[in-house]
Amino acid sequence: MRPPRGWFAALRCGIYCDPPYLPLSDTSAFTQYDGQVFTLAHHQRLVTRLQEIHQQTGSPVVISSGDTALSRQLYGAFNLSAQNVNRSVSADGRARVAVSELTGTLY
């Protein structure tokens, strides 16, 4: 491993990623922030790149995702923990219920 060079070479920092979540169901398909769809392939590339960065620099990595079987498989190399959270993004206030979200870490 080659040590980093430049202004920030001595800086030790962490990385936090909050990509669009994989859908919890067929009707919850929010997969974009800026008009472009964040696909499963994007998630896979993100996981690979975050693992590379962590291995090369030792920087801690944190990622968040909805708690689905696919998320658990995709982020399986991370240390995963689940939390129940209330979401407030549903158009129907009565449909806002607690759901499980994952936090994954590499440290």
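If you're wondering where the values come from, they're calculated on a predicted model, not measured in any experiment. Numbers here simply count residues along the sequence, with the first being 1.
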Chemist: Does some side-chain heavy atom of Ile63 sit less than 4.5 Å from a side-chain heavy atom of Pro19?
Modeler: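 In short, these two side chains touch, coming nearer than 4.5 Å.
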Chemist: Determine, stepwise, if the pair His42 / Leu46 fulfils side chain to side chain contact (heavy atoms under 4.5 Å, CB included).
Modeler: CA-CA 6 Å; His42 289 113; Leu46 177 62; over 6 Å; no
Chemist: Quick one: pull up CZ in Arg49 and CD in Gln56 and give me the separation to the nearest 0.5 Å.
Modeler: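 Taking CZ in Arg49 and CD in Gln56, the distance rounds to 5.5 Å.
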Chemist: Side-chain donor-acceptor pair under 3.5 Å between Gln83 and Ser81, yes or no?
Modeler: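 Per modelled atom types, Gln83 and Ser81 side chains form a pair under 3.5 Å.
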Chemist: Between Asp67 (side chain) and Leu102 (backbone), is there a donor-acceptor pair under 3.5 Å?
Modeler: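 No, the answer is negative, given that no donor and acceptor are paired below the 3.5 Å cut-off.
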Chemist: Report the C-alpha distance between Asn79 and Leu106 in whole Å, list the side-chain angles of each, state the deciding distance to 0.1 Å, and finish with yes or no for side chain to side chain contact (heavy atoms under 4.5 Å, CB included).
Modeler: CA-CA 6 Å; Asn79 299 301; Leu106 297 173; 5.5 Å; no
Chemist: Please round to the nearest 0.5 Å and tell me the distance separating atom CG of Leu22 and atom CZ of Arg72.
Modeler: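 So the CG of Leu22 and the CZ of Arg72 are separated by 13.0 Å.
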Chemist: With a 4.5 Å limit on heavy-atom distance, are the side chains of Val62 and Thr103 in contact?
Modeler: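 Heavy-atom side-chain distance check passes, below 4.5 Å.
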Chemist: Closest heavy-atom contact between Gly66 and Ser71?
Modeler: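 Where Gly66 meets Ser71 most closely, the heavy atoms are O-OG, 2.9 Å.
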Chemist: Take Val61 and Tyr107 through the test side chain to side chain contact (heavy atoms under 4.5 Å, CB included) and record every step on the way to the result.
Modeler: CA-CA 7 Å; Val61 175; Tyr107 52 89; over 6 Å; no
Chemist: Does atom CD (Glu52) have a neighbourhood of more than 12 heavy atoms from anything else shown, all under 6.0 Å?
Modeler: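 Counting neighbours around CD of Glu52, more than 12 heavy atoms of other residues, nucleotides or ligands fall under 6.0 Å, so yes.
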Chemist: With sequence neighbours left out, what residues match His43 under ring-ring contact (aromatic ring centres under 6.0 Å, His included)?
Modeler: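 His43 satisfies ring-ring contact (aromatic ring centres under 6.0 Å, His included) with Phe38 once adjacent residues are dropped.
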Chemist: For residues Tyr16 and Ser64, is any side-chain donor paired with an opposing acceptor at under 3.5 Å?
Modeler: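 Their side chains do contain a donor-acceptor pair, which is all the 3.5 Å distance test asks for.
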Chemist: Atom OG1 in Thr39, atom CD in Gln44: separation rounded to 0.5 Å?
Modeler: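 CD of Gln44 is found 8.0 Å from OG1 of Thr39.
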Chemist: Any side-chain to backbone donor/acceptor pair from Ser65 onto Tyr21? Under 3.5 Å, distance only.
Modeler: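 No.
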Chemist: I'd like to know whether Val47 forms a side chain to side chain contact (heavy atoms under 4.5 Å, CB included) with Leu74, so could you lay out the CA-CA distance, the side-chain angles of the two residues, the decisive distance to 0.1 Å, and finally the verdict.
Modeler: CA-CA 8 Å; Val47 167; Leu74 184 63; 4.1 Å; yes
Chemist: Decide yes or no for Pro60 and Ile15: does some side-chain heavy atom of the first lie under 4.5 Å from some side-chain heavy atom of the second?
Modeler: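 In short, these two side chains do not touch, never coming nearer than 4.5 Å.
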